[in-house]
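Each ligand, and each atom within it, is numbered from 1 in the order the structure gives.
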Amino acid sequence: MTPSHQQKPILLIALGGNTLIQEDQRGTIGEQLDNLRKTIRQIARLSAHYRIIITHGNGPQVGNLLLQQESCDQVPKLPLEILVAQTEGQIGYMIESTLDEELMTIGVNNKKLVTLITYVVVDQDDPAFQNPTKPIGPVFSGKEAKNLGYPTIKTKKGYRRVVASPNPVTIIEKREIRTLIDLDFIIICCGGGGIPVIRDGRGFHGVHAVIDKDLASACLAQEVNVDIFIITTDVAGAMIRYNQKDQTLLKQISVKEAEAYIRRGHFKAGSMLPKMTACTRFIHGGGKRAIITSTEALEEAVLNTDVGTQIVPEQSTPPV
Ligand code: ADP
Ligand code: MG
């Protein structure tokens with residue numbers, strides 16, 4: 001018997017950048033849609049047994065919009081939060097239309113899908129605003145960087161614009177998302193970590209920052225009580241001694257073990273560290289199972305507890 005949708009566990013899937021653009025690609029729209037299809041096919045199949053929320057990154061896409069802005073003086077430049085909103089729309093459209101097609105291919109014709117522009121509250125006193133660390137957009141030479149009119153940071157590739165990456169405090173649309181889940185919608189939201197806003201009296205306004213998509217996804221996962229939180233990326237999972245001869249993939253570990261590895265500095269800031277931190281926050285917030293896996297193994301990792309890195313509370317067998 002097929003379970004009624006209220007009985008289906010809720011899965012939050014945070015899609016990594018390689019879902020759309022792979023390492024050796026330029027990121028043409030054809031490449032992005034081709035890549036996406038492989039992941040979305042797995043999600044379409046999973047939707048028979050799980051209620052689903054999809055979140056995603058936007059690094060290369062927002063980088064391209066910034067490069068377009070830098071290359072043209074004829075139209076006024078738009079602030080970062082508007083560019084994030086644009087990428088939520090463009091990537092949401094790509095995910096939604098691909099998902100619709102893949103669902104129809106497996107004979108599901110009436111699934112309800114929606115993409116939601118999402119605001120994420122940050123604290124205006126977050127220390128990240130005093131110490132911007134997140135490089136975004138195109139690469140400049142040292143001389144070009146001096147004339148840009150905004151702060152830059154020296155990276156391996158050259159100078160890049162640098163912005164603050166504050167901690168997500170709460171997702172403004174959490175009630176709407178919860179309602180849509182109860183109505184059996186598949187929801188695409190929190191794209192690019194969401195549009196960062198700070199509270200301003202009873203309202204809020206956008207700020208110049210980007211929120212890490214893994215941390216924003218963990219915040220949402222806690223706030224809407226998802227059962228399984230899964231982060232897909234371009235490696236098999238979290239590894240200790242990464243890039244050394246004896247690197248080892250972490251399999252199923254407790255949240256305590258995960259925190260011990262974090263403290264010992266096994267994960268790089270800006271890539272694997274936010275994923276591990278996101279998973280541990282989710283478990284501390286009452287979550288039962290958090291997974292980091294390769295995009296190709298998404299479906300397998302949901303169905304199988306020994307695929308990828310799976311973080312659980314103290315007990316050894318996760319309940320879902
Ligand atoms: P995504 O778009 O999926 O968030 P990121 O580049 O931010 O991709 O994160 C994935 C990357 O994290 C991997 O490609 C890998 O190079 C890097 N990484 C850093 N530390 C580790 C680690 N300890 N184990 C595995 N991968 C790691
Ligand atoms: Mg990342």
Notebook entry, point to check: Which of parallel (below 30°), tilted (30 to 60°) and perpendicular (above 60°) describes His266 and Tyr261?
Noted result: perpendicular
Item checked: From Leu65, Ile195, Val210, Val207, residue fulfilling side-chain contact (heavy atoms from CB on, under 4.5 Å) relative to Leu80 -> Val210
Notebook entry, point to check: Partners of Asp100 by side-chain hydrogen bond (donor to acceptor under 3.5 Å, both in side chains), sequence neighbours excluded?
Noted result: none
Check: Is any side-chain heavy atom of Val122 less than 4.5 Å from a side-chain heavy atom of Ile211?
Finding: yes
Next item on the list: State whether Tyr150 and Arg161 meet the cation-pi test: NZ (Lys) or CZ (Arg) under 6.0 Å from the six-membered ring centroid, and within 45° of the perpendicular axis.
Entry: yes
Notebook entry, point to check: Heavy-atom count around Lys77 NZ within 6.0 Å, excluding the residue itself: above 12?
Noted result: yes
Notebook entry, point to check: ligand 1: which residues have a non-hydrogen atom closer than 4.0 Å?
Noted result: Gly16, Gly17, Lys213, Thr232, Thr233, Asp234, Val235, Gly237, Ala238, Met239, Tyr242, His266, Phe267, Lys268, Gly270, Ser271, Met272, Lys275
